[in-house]
Trainee: 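Below are the structure tokens for one structure; questions will follow.
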Amino acid sequence: MITERAAEHWDLELDDLFLTIGHRFRRVELRRRMRDYVRGLLAPVARKSSWQLAEQAGHSTPDGLQHLLAGAKWEPDDIRDDLQEYVADKLGEDDGGLIIDDTGFIKKGTTSAGVQRQYSGTAGRTENCQIGVFAAYVTTRGRALVDRELYLPKSWAEDRERCRVARVPHERTFATKGELARRMVLRALVSPLPIAWVTADAAYGQREPLSPTPGTVGRRLRAGSTQDPVHRGLSPHRWPVRAGTGRGVGRDLMRQRSEGTARLPLGGRAAAGRCRVQPTSAPSREAARSSV
């Protein structure tokens with residue numbers, strides 16, 4: 001249960017975060033709308049449409065929030081970089097880790113970028129949905145989402161007119177979820193976040209290596225799988241993994257790591273495998289950017 005004192009502390013921390021990213025919005029009205037939008041997303045609003053969020057913020061119409069999302073000039077990736085610096089300052093520890101996973105957002109229409117009938121782990125079945133791949137940073141001090149990538153299916157990537165209507169950038173091409181995860185790992189490794197290990201669902205290791213080319217990153221990673229073909233011939237540290245729901249993965253993993261008995265929970269549909277991490281040379285910022 002959240003106490004009044006805890007809520008007040010949380011509110012002050014949120015204001016601190018707003019100050020951290022506020023300079024990315026050049027006009028004061030945009031900064032105010034950004035605050036209202038974020039607070040609305042965190043509020044107990046049934047549907048997170050612009051109308052409901054505007055009503056939650058006390059706006060007479062959703063025009064201001066719609067302009068913030070569709071018309072105003074600001075760079076989401078710049079805010080991501082600010083967020084990673086903020087999280088590193090608040091939660092960073094030398095043995096911190098990065099957790100990669102994807103989730104689905106069920107949709108009813110066909111115009112949202114990347115939407116199609118595809119498997120959603122959130123729903124546990126094939127649904128009309130968008131898929132996002134996310135990276136979360138975790139230490140004994142807490143956990144936070146620090147990066148994201150929208151999965152754009154081939155049916156979308158090959159239909160440039162559909163992408164244009166949905167405002168998908170022209171340079172955006174098809175990339176597997178594993179490639180999207182790899183990009184986020186590279187970005188995180190050259191961010192202020194201190195990262196000692198990375199883990200992901202076994203699905204990320206069954207078809208392609210999640211880790212970048214050996215010698216280009218500070219930590220080598222392979223996601224677990226039952227067949228484990230990409231692991232053979234390596235001599236890195238090994239941590240047992242087990243199938244599970246994924247709930248509390250960061251908290252449980254950090255506790256187990258401190259006890260020296262780390263067991264990495266995989267997604268509920270994943271079979272047991274092994275996740276291995278091997279130190280190599282650290283990447284340069286330029287090398288990471290050229291890889292994404």
Side-chain angles (χ1 to χ4, degrees), residues 21 24-25 27 29-80 83 100-136 145-184 187 201 203-204 267 292:
I21 66 176
R24 301 297 185 181
F25 301 87
R27 303 178 63 176
E29 61 267 27
L30 290 180
R31 291 194 289 272
R32 290 171 179 167
R33 290 169 186 167
M34 176 271 294
R35 293 184 182 211
D36 290 343
Y37 179 71
V38 173
R39 288 186 180 277
L41 290 177
L42 297 173
V45 180
R47 296 186 66 247
K48 308 293 184 179
S49 70
S50 57
W51 275 102
Q52 277 75 22
L53 295 181
E55 182 178 358
Q56 171 72 19
H59 299 185
S60 57
T61 72
D63 295 350
L65 295 184
Q66 289 175 345
H67 174 69
L68 170 71
L69 299 177
K73 292 184 178 180
W74 52 277
E75 292 295 332
D77 288 348
D78 290 340
I79 296 177
R80 176 206 59 214
L83 173 64
I100 305 294
D101 202 2
D102 55 81
T103 191
F105 303 91
I106 296 177
K107 298 287 184 178
K108 292 185 178 180
T110 60
T111 58
S112 297
V115 68
Q116 71 171 22
R117 286 192 60 80
Q118 51 195 327
Y119 180 78
S120 166
T122 307
R125 58 185 180 274
T126 298
E127 286 279 2
N128 189 61
C129 64
Q130 294 172 301
I131 298 293
V133 184
F134 295 88
L145 291 175
V146 293
D147 206 348
R148 79 287 171 257
E149 286 280 0
L150 175 67
Y151 173 65
L152 194 68
K154 283 186 178 180
S155 62
W156 271 83
E158 295 172 353
D159 190 339
R160 302 318 302 178
E161 176 60 21
R162 191 182 187 189
C163 287
R164 186 192 65 79
V165 173
R167 297 190 178 185
V168 176
H170 180 71
E171 63 274 12
R172 182 66 186 269
T173 58
F174 173 73
T176 65
K177 296 172 189 175
E179 175 60 26
L180 298 177
R182 177 180 179 273
R183 296 175 186 177
M184 291 191 293
R187 288 198 294 260
D201 189 285
Y204 287 92
V292 299

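This structure is a prediction, so every number in the text was calculated from the model and none was measured. Atoms considered below: every heavy atom in the structure, side chains included; atoms not considered: hydrogens, waters and symmetry mates.
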Trainee: State, to 0.1 Å, how close Ala175 and Leu180 come at their nearest heavy-atom pair, and which atoms those are.
Mentor: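 Taking Ala175 first and Leu180 second, the nearest heavy atoms are CB-CD2, 3.9 Å.
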Trainee: Quick one: pull up CG in Leu145 and CG in Asp101 and give me the separation to the nearest 0.5 Å.
Mentor: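 Output value for this atom pair is 10.5 Å.
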Trainee: Which pair of heavy atoms, one from Pro62 and one from Ala54, lies closest together, and at what distance?
Mentor: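 The pair with the smallest heavy-atom distance is CA-CB, 3.7 Å.
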Trainee: Quick one: does Arg160's side chain have a donor or acceptor within less than 3.5 Å of a partner on His170's backbone?
Mentor: yes
Trainee: Would the distance check show the side chain of Thr103 and the main-chain N or O of Thr122 forming a donor-acceptor pair, the cut-off being under 3.5 Å?
Mentor: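 A pair under 3.5 Å: no.
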Trainee: Can you pull out every side chain to side chain donor-acceptor pair (under 3.5 Å) where at least one residue sits in residues 125-136? Sequence neighbours excluded, please.
Mentor: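 Sorted pair list: Arg125-Glu127.
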Trainee: Kindly determine whether Tyr151 and Asp102 satisfy side-chain contact (heavy atoms from CB on, under 4.5 Å), including the steps that lead there.
Mentor: CA-CA 9 Å; Tyr151 173 65; Asp102 55 81; over 6 Å; no
Trainee: Work out which heavy atom in Ile131 is nearest to a heavy atom in Leu150; give both atom names and the distance.
Mentor: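 Closest heavy-atom pair between Ile131 and Leu150: O-CD1, 3.5 Å.
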Trainee: Identify the two heavy atoms, one from Cys129 and one from Gln118, that lie closest to each other, and give their separation to 0.1 Å.
Mentor: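 Answer, listing the atom of Cys129 first, then Gln118: O-NE2, 2.7 Å.
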Trainee: Looking at Asp159 and Lys154, does any basic side-chain N land under 4.0 Å from a carboxylate oxygen?
Mentor: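 No.
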Trainee: Quick check for you: to the nearest 0.5 Å, what is the distance between Glu158 atom CD and Leu152 atom CG?
Mentor: 10.0 Å
Trainee: Which distance, rounded to the nearest 0.5 Å, do you find between the CZ of Arg24 and the CD1 of Ile79?
Mentor: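 Interatomic distance, Arg24 CZ to Ile79 CD1, rounded to 0.5 Å: 7.5 Å.
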Trainee: Sequence neighbours left out, what pairs pass ring pair (Phe, Tyr, Trp, His ring centres under 6.0 Å) with at least one residue falling in residues 46-79?
Mentor: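 Qualifying pairs, neighbours excluded: Phe25-Trp74.
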Trainee: With rounding to the nearest 0.5 angstrom, report the CD to CG distance, Gln66 to Leu53.
Mentor: 10.5 Å
Trainee: Using side-chain contact (heavy atoms from CB on, under 4.5 Å), reason through Ile21 and Met34 one step at a time and then give a plain yes or no.
Mentor: CA-CA 10 Å; Ile21 66 176; Met34 176 271 294; 3.8 Å; yes
Trainee: Looking at every heavy atom in both Ala70 and Arg167, which two are closest together, and how far apart are they?
Mentor: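 Reported closest heavy-atom pair: O-NH1, 2.7 Å.
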Trainee: Tell me whether Arg39 contacts the main-chain N or O of Gln56 through its side chain, where contact means a donor paired with an acceptor under 3.5 Å.
Mentor: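 Not a single qualifying donor-acceptor pair exists.
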Trainee: Give a yes or no on whether a salt bridge exists between Glu29 and Arg32, defined as a side-chain N under 4.0 angstrom from a carboxylate O.
Mentor: no
Trainee: Measure the shortest side-chain to side-chain distance between Val115 and Trp156 over non-hydrogen atoms and say whether it is less than 4.5 angstrom.
Mentor: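 Touching, per the 4.5 Å side-chain cut-off.
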Trainee: Considering only heavy atoms from C-beta outward, does the side chain of Arg172 approach that of Cys163 to under 4.5 Å?
Mentor: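 With C-beta onward as the side chain, the pair stays apart.
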Trainee: So which atom in Leu65 and which in Ser50 form the shortest heavy-atom distance, rounded to 0.1 Å?
Mentor: CD1-O, 4.1 Å
Trainee: Quick test of your reading of the model: are Arg33 and Asp36 salt-bridged, counting only N-O distances below 4.0 Å?
Mentor: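 A salt bridge is absent here (no side-chain N lies under 4.0 Å from a carboxylate O).
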Trainee: Do Glu55 and Val45 have side chains that approach each other closer than 4.5 Å (heavy atoms only, starting at C-beta)?
Mentor: no
Trainee: Once you round to the nearest 0.5 Å, how far does CD1 of Ile100 lie from NZ of Lys177?
Mentor: 14.0 Å
